[in-house]
Amino acid sequence: MRRQRQFPGWLKKTVERFCPEYLHESILGDLEEYYHKSSLMYSGKKAYFLTVIQSFKFLRPAILRRNKIIRNSNVMGLYQNYLKTSVRSLAKNRLYAGINLLGLSTGIASSFLVTLFVMDELSFDTYHDNANNIYRITQKRDLNGTIENTALTSIFLGTNINERFNGLNHIVRFLRDPSTIIEYENENYPEKQFCYMDAEGLEMFNITIVKGAQKGALGDPKGMVISEQTALKYFGEDDPIGKTLIYKNYGRKISYKVTAVMKDFPSNSHFRFDFLVPFKTDDNLWYKYHGQDWYYSGVWTYVHVAEGQALPEIENQLKQLVSDLYPQDLKEGTSFTIQPLTEIYLNSDLANEIEANSDVLYVYIFSIVAIMIMVIACINFMNLATARATQRTREIGMRKVIGASRKGIIIQFMGEAFVITFISILFSVIWIWLSLPGFNALSGKHFQFQDLIRWEYFLVFLLIGLVTALLSGFYPALLLSRFRPISVLKVSNTFNLKGVNVRRIMVIFQFTMSMILIVGIITISRQLGYMNNMELGFNQDRIVYIPIGFSREFENAKNELLSIPGVVDVSGGQVPGTPNAFFDLLYRDQSMDPSGRITVPTGVVYYNYLDILELDLKEGRTFSKSFNDAGRSCIVNESFVETMGWENAIGQEIYSYNMLGAPSDSLKVVGVVRNFNFQSLHNDIKPLVLRCRERSRVMIAKMNSDNLFEDIGKISEVMKKYLRDVPPEVYFLESELNKLYVKEKRLSQIMLIFTVFAIFISCLGLFGLASFTVARKAKEISIRKVLGASINSLLNLLTWEYSRLVFISFFAAIPVSYLLINSWLENFAFRIQIGVDVYLLSALIAITSALLTVGYHSLRAAKTNPVNALKDE
């Protein structure tokens, strides 16, 4: 007799998993009976196989669909009920819904815009395929205690790196000629982005050629690669390949043939050029005359490090290069740093950057502000949800009585949070669409709404929405799901929710963050005001300047400008406060060893330079033609005298050196001017040398006219005669000085708007809480009125609870804001001191906002007829 095998256990589990529960017993009974009969008739394997085949009859689609419908019907019904309840609750409590929607949509829109800004800042230079392996070499020189940190290196450095170093794929040098004139069809156009570049740059960086051949585009010494924007400017829709553009500068005219058109550099690149020509040609005067010069630093040098190459080894090779090849007087104080390409824009603030960089500090600030606004909006939701719970105690109790689990209650309230968040996201999209042009103007970005329809931005939006829903819904759901039915059903609406203290803590946290922002915006505004009103040591009012290049007709132009009635005086020289106006030269005095010299900013100026800028002469005299000062005399500032250690500066001899390190001039000090801020207020006042020349590259005019713009037009007409190649550019000195602090002004404006948003959202939440508080205390207020309480006493009763929370926030905000603001002020050599008045003013703003918000409900409750609240008792 055959031994019966046991029914397969996995088959039993499969039936129980997929078939309806009420059919389990009959289906399994039939299958077991079939299996046992088959075991008697056939071998064990055949019986097993036939039973498996038979089981598929009971797993047919009709049975599976029936199981799905039965299994999911209750769940779907439950979720539908949750959704209906959520929508009805929002429709019934319009004030609650409106406050939450307005607060959350404002918070989400603000956070998204700031996140957009931060993402763009962090994306700089990451678009290059080899971005993680590209580095810039920067230079540090210590010359007798004068530290020079610059992004520039010598041309010769790149040549020697190429010959001596291992582990490098490419070395690329950029040299920009910012005062270039391009001639096309007898018309002249000034161009500031004309650049000499090693041909390997087309391969090393993502410079995409859209017309012409990528390979060999810079192989022709007379070849030129131009940007798409430049091609459109000069040639319109015509094919630019093979066309000729004429370069004009330094008395030279060079014809270049367009060999290729490159795609415009993206906005998230720390360098952007419109013209690229070969670096290693005789047309590049800097390469021709300084190609084997260690002293002249005028190029930006980038290296592409081979995969897996250790950076310390590259740095050691640089140290060895300095030791082996550098001149003795540069060897001791010169060192190099390797700077990652992707860190340049946010983390580099060296002298002679390619473009003005941003600061990672602002990324941190804006990120913190975005988080703070989002947290404030979420706290509003949590506070209002827990406060409103006193009106929903019976609903929660009844749900639990009829069988709702704690998990189900949590799902319900989290669902409400997600519904409100989803609607808020829709409103925030409208906010973003409306505010994007203004945000672009403030941030200096160029975002387009249609450009935001990208998967990464969608993920950011989804993440912000998800985090918002979880943050705002989790605590209320957790708290409300803990209600015990017997506690909430035995009395009417007087259930004492144990979340009052938590709500108070969250209100304190909200206003603490708001006051930190208020302190920040007040301090930033005062620092900007301090810089704008600070006495710089020179006159900037009604001063204009005109770049004229190497024009030899300086005297004739000056005399003709003086004939304009509104022009008081005309001079020439470096313009203080403008970027890179003063150039560095090496100097020593008679007592110093010839190998010991210091790097000093230098200005070449005309005779009456001190008079026109009203510089304060402390000792000696100004430049004069009668003393034949041109090329022989100099005037220094107090800082230079202090650096040299002179007791009497007048009559001292100093020696300057040219870029080749050879002695150039012997200069006699004829005057000392008081220190003035010839650089940005971010920097301390350095030693300065002013040298006299008969002409200058920049003309400076002092105006005294009621019709400034009319006289500016006359100046332009005069200068057209002397600047035949290009139209004259006339700049107001005061306006140009204001450009030095664009980042700070941008920070101030953005901070102001987001601070207003933060206060607004905080007050929205306070408005909702005050509404619930007044409703909860309606009977108490009525009884007090019946017993003779005055309106003032009732106002004090209702407002004191929230006023004290704001007071606590004030003391909590002091240490945090002090640390943050001081770290920002450290970026300025000349800065304000944070006084007590800053904190008192921020407290006044916050408290006033809170009192006005709470006062509306309090005054309304205090004036309500007591009968309305007591008639039901």
Side-chain angles (χ1 to χ4, degrees), residues 128-129 155 158-159 162 170-266 269 271-291 298-302 304 354-355 549-550 723-727:
H128 298 287
D129 292 335
I155 296 173
T159 304
N162 203 21
H170 298 293
I171 297 94
V172 174
R173 292 163 293 186
F174 291 112
L175 192 153
R176 181 169 55 196
D177 188 346
S179 54
T180 297
I181 307 300
I182 296 294
E183 179 185 320
Y184 179 67
E185 295 184 343
N186 298 319
E187 293 289 335
N188 294 297
Y189 304 90
E191 297 289 354
K192 297 182 182 299
Q193 298 297 347
F194 185 94
C195 177
Y196 297 93
M197 185 188 77
D198 286 304
E200 293 84 353
L202 294 176
E203 182 179 350
M204 178 169 161
F205 297 101
N206 277 38
I207 300 177
T208 305
I209 301 299
V210 294
K211 288 184 180 179
Q214 176 97 18
K215 187 175 182 180
L218 289 178
D220 184 352
K222 299 293 184 181
M224 172 187 286
V225 178
I226 61 176
S227 66
E228 288 179 301
Q229 183 179 352
T230 303
L232 186 63
K233 173 182 175 180
Y234 285 95
F235 308 110
E237 297 300 325
D238 295 341
D239 186 0
I241 305 300
K243 298 287 181 67
T244 299
L245 294 174
I246 300 174
Y247 162 94
K248 298 168 68 174
N249 205 353
Y250 307 106
R252 302 185 306 155
K253 295 178 68 174
I254 304 170
S255 296
Y256 285 100
K257 183 175 66 176
V258 177
T259 56
V261 177
M262 61 182 171
K263 192 173 182 180
D264 291 334
F265 283 84
S269 174
F271 56 78
R272 302 177 190 90
F273 301 114
D274 293 323
F275 302 84
L276 295 176
V277 294
F279 189 89
K280 300 175 184 178
T281 66
D282 288 341
D283 291 335
N284 183 349
L285 292 180
W286 293 271
Y287 178 73
K288 183 177 180 180
Y289 294 110
H290 299 291
V299 300
W300 296 284
T301 304
Y302 294 78
H304 179 201
I354 295 183
E355 302 285 351
F550 287 98
L723 301 175
R724 299 179 183 87
D725 290 340
V726 292

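A distance of 8.0 Å separates CZ of Phe205 from CE of Met197, quoted to the nearest 0.5 Å. Taken to the nearest 0.5 Å, the OH atom of Tyr247 stands 13.0 Å off from the OG atom of Ser255. Here Ile246 contributes atom CD1 and Glu185 contributes atom CD; the two are 10.5 Å apart, rounded to the nearest 0.5 Å. If you take CD1 on Ile181 and CG on Asn188, they are separated by 6.5 Å, rounding to the nearest 0.5 Å.
In this structure the side chain of Leu245 never reaches within 4.5 angstrom of the side chain of Glu183, judged on heavy atoms. Taking the side chain as every heavy atom from C-beta outward, Ile241 and Lys257 never approach each other to under 4.5 Å. In this structure, Leu232 and Glu237 have side chains that are in contact, with non-hydrogen atoms separated by less than 4.5 Å. No side-chain heavy atom of Lys233 sits under 4.5 Å from any side-chain heavy atom of Glu228.
Closest heavy-atom contact between Val172 and Met204: CG2-SD, 3.4 Å. Considering every non-hydrogen atom in both Asn206 and His128, the closest pair reads N-ND1, 3.0 Å. Of all the heavy atoms in Arg272 and Gln193, the pair that sits closest is O-OE1, 2.8 Å. Contact between Val258 and Pro240 at its shortest, heavy atoms only, is CB-O, 3.4 Å.
In summary, Asp282 and Lys288 do not engage in a salt bridge, as defined by a charged side-chain N under 4.0 Å from a carboxylate O.
The side-chain contact (heavy atoms from CB on, under 4.5 Å) with Val299 is formed by just one residue from the set Phe279, Trp286, Phe174; it is Phe279. Test Asp198, Thr301, Asn162 against Arg173 for side-chain hydrogen bond (donor to acceptor under 3.5 Å, both in side chains) and you get one pass: Asp198.
Ring orientation note: the planes of Phe275 and Tyr234 are nearly perpendicular, at an angle over 60° on the 30°/60° scale.
For Tyr189 and Tyr184, the gap between ring centers reaches or exceeds 6.0 Å.
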- Message: One pair to check against salt bridge (Lys or Arg N to Asp or Glu O under 4.0 Å): Glu355 and Arg176. What are the steps and the verdict?
- Response: CA-CA 11 Å; Glu355 302 285 351; Arg176 181 169 55 196; 3.3 Å; yes
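Sparse packing is recorded around CD of Glu203, with 12 or fewer heavy atoms of other residues, nucleotides or ligands lying under 6.0 Å away. At most 12 non-hydrogen atoms from other residues, nucleotides or ligands lie less than 6.0 angstrom from CD of Gln229.
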Could you go through residues 214-227 and list every donor-acceptor pair under 3.5 Å that involves a side-chain atom there, pairing it with any protein atom two or more places apart or in another chain?
{"unit_1": "Gln214", "atom_1": "OE1", "unit_2": "Ile209", "atom_2": "N", "d": "3.4"}
{"unit_1": "Gln214", "atom_1": "NE2", "unit_2": "Leu202", "atom_2": "O", "d": "3.1"}
{"unit_1": "Gln214", "atom_1": "NE2", "unit_2": "Ile207", "atom_2": "O", "d": "3.3"}
{"unit_1": "Asp220", "atom_1": "OD1", "unit_2": "Lys222", "atom_2": "N", "d": "3.0"}
{"unit_1": "Lys222", "atom_1": "NZ", "unit_2": "Asp283", "atom_2": "OD1", "d": "3.3"}
{"unit_1": "Lys222", "atom_1": "NZ", "unit_2": "Asp283", "atom_2": "OD2", "d": "2.8"}
{"unit_1": "Ser227", "atom_1": "OG", "unit_2": "Thr230", "atom_2": "N", "d": "3.2"}
{"unit_1": "Ser227", "atom_1": "OG", "unit_2": "Thr230", "atom_2": "OG1", "d": "2.8"}
{"unit_1": "Ser227", "atom_1": "OG", "unit_2": "Asp274", "atom_2": "OD1", "d": "3.3"}

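A donor-acceptor pair is defined here as one N or O able to donate and one able to accept, closer than 3.5 Å; no such pair exists between the side chain of His170 and the backbone of Glu200. When atom types are taken as modelled, the side chain of Thr180 and the backbone of Asp177 share a donor-acceptor pair closer than 3.5 angstrom.
Residues that satisfy the side-chain hydrogen bond (donor to acceptor under 3.5 Å, both in side chains) test with Tyr196, not counting sequence neighbours, are absent from this structure. Considering only residues two or more places apart in sequence or on other chains, Thr244 meets the side-chain hydrogen bond (donor to acceptor under 3.5 Å, both in side chains) condition with none of them.
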